[in-house]
Amino acid sequence: MPRAKVALIVLNLSAILVVVGGSYDLLVPALPPHQLAFLGVAEDQLEPHTAQLLRAMFRALGGCLIAVGIGALFLINRGLRRGHNWATVAVLTMVGVAEGLNSVQMYRVGSPFWAPLIFIGLLAIGVALAYVPSPAFKKQPSV
């Protein structure tokens with residue numbers, strides 16, 4: 001299988017996992033057990049407005065991560081695939097910042113912080129496949 005095709009598969013997998021992770025955050029019906037364990041209470045023991053605020057922030061994060069993942073898919077399949085190096089920098093910055101900060105904050109509250117790190121790692125592997133030892137995608141004329 002050509003290196004460019006493998007790179008695209010890995011890069012797209014990374015972006016899709018960002019969307020899936022964001023979808024979990026957006027659609028989860030209640031606070032996850034690890035977050036309740038961090039608070040040291042059951043969700044029904046939380047003051048209702050506090051529980052509502054925490055769920056709202058969790059869902060807002062999910063929506064943002066979905067947007068980052070969709071943006072990454074666009075940059076990978078439109079920019080990088082056409083040989084635009086700026087798209088690689090943009091997707092690395094977007095996913096790296098979003099999932100990097102997500103991972104740090106998840107670690108701080110006892111959540112499974114390794115998941116966003118896997119997304120970043122897959123992205124880095126895909127970029128390495130796309131550029132080492134030479135660029136796998138050639139610059140194509142704009143249409």
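Count residues from 1 along the sequence. Bear in mind the structure is a predicted one, so any value in this text is a computation, not a measurement.
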Shared hydrophobic cluster for Leu123 and Trp114 (ILVMFWY, side-chain gaps under 4.5 Å): yes

Inter-residue atom distance Phe137.CZ - Thr88.OG1, 0.5 Å rounding: 8.5 Å

Contact list for residues 37-72, test ring pair (Phe, Tyr, Trp, His ring centres under 6.0 Å), sequence neighbours left out: none

Connected via hydrophobic side-chain network under 4.5 Å: Trp86 and Val95: yes

Flag side-chain contact, heavy atom, 4.5 Å: Leu80 against Tyr131: yes

Minimum-distance pair of heavy atoms, taken over all atoms of Gly63 and Leu26: N-CD1, 4.2 Å

Main-chain N/O of Leu31 paired to Glu43 side chain as donor or acceptor, under 3.5 Å: yes

Distance-only criterion, 3.5 Å: show the donor-acceptor pairs between side-chain atoms of residues 103-110 and protein atoms not counting sequence neighbours.
| from | atom 1 | to | atom 2 | distance (Å) |
| --- | --- | --- | --- | --- |
| Ser103 | OG | Phe113 | O | 2.9 |
| Gln105 | OE1 | Arg108 | NH1 | 3.3 |

Non-hydrogen atoms of Pro116 and Asn102 that approach each other most closely: CG-ND2, 3.9 Å

Arg78: partners by side chain to side chain donor-acceptor pair (under 3.5 Å), with sequence neighbours left out: none

Pairing residues for Gln52 by the side chain to side chain donor-acceptor pair (under 3.5 Å) criterion, not counting sequence neighbours: none

Val89 reachable from Leu122 in the ILVMFWY side-chain graph, under 4.5 Å edges: no

Spacing of NZ belonging to Lys138 relative to CZ belonging to Arg81, to within rounding of 0.5 Å: 15.5 Å

Spacing of Arg55 atom CZ and Thr50 atom OG1 [to the nearest 0.5 Å]: 10.5 Å

Would you be so kind as to tabulate the donor-acceptor pairs closer than 3.5 Å made by side chains of residues 3-18, with sequence neighbours excluded?
| from | atom 1 | to | atom 2 | distance (Å) |
| --- | --- | --- | --- | --- |
| Arg3 | NH1 | Leu129 | O | 2.7 |
| Arg3 | NH1 | Val132 | O | 3.0 |
| Arg3 | NH1 | Ser134 | O | 3.0 |
| Arg3 | NH2 | Ser134 | O | 2.8 |
| Asn12 | OD1 | Asn77 | ND2 | 2.7 |
| Asn12 | ND2 | Leu8 | O | 2.8 |
| Asn12 | ND2 | Asn77 | OD1 | 3.3 |
| Ser14 | OG | Phe119 | O | 2.7 |

Residues 64-76, side-chain donor-acceptor partners within the protein, below 3.5 Å, at least two apart:
none

Taking every non-hydrogen atom, the tightest pair across Pro29 and Arg59: O-NH2, 3.8 Å

Path from Ile118 to Leu92 over hydrophobic side-chain contacts below 4.5 Å: yes

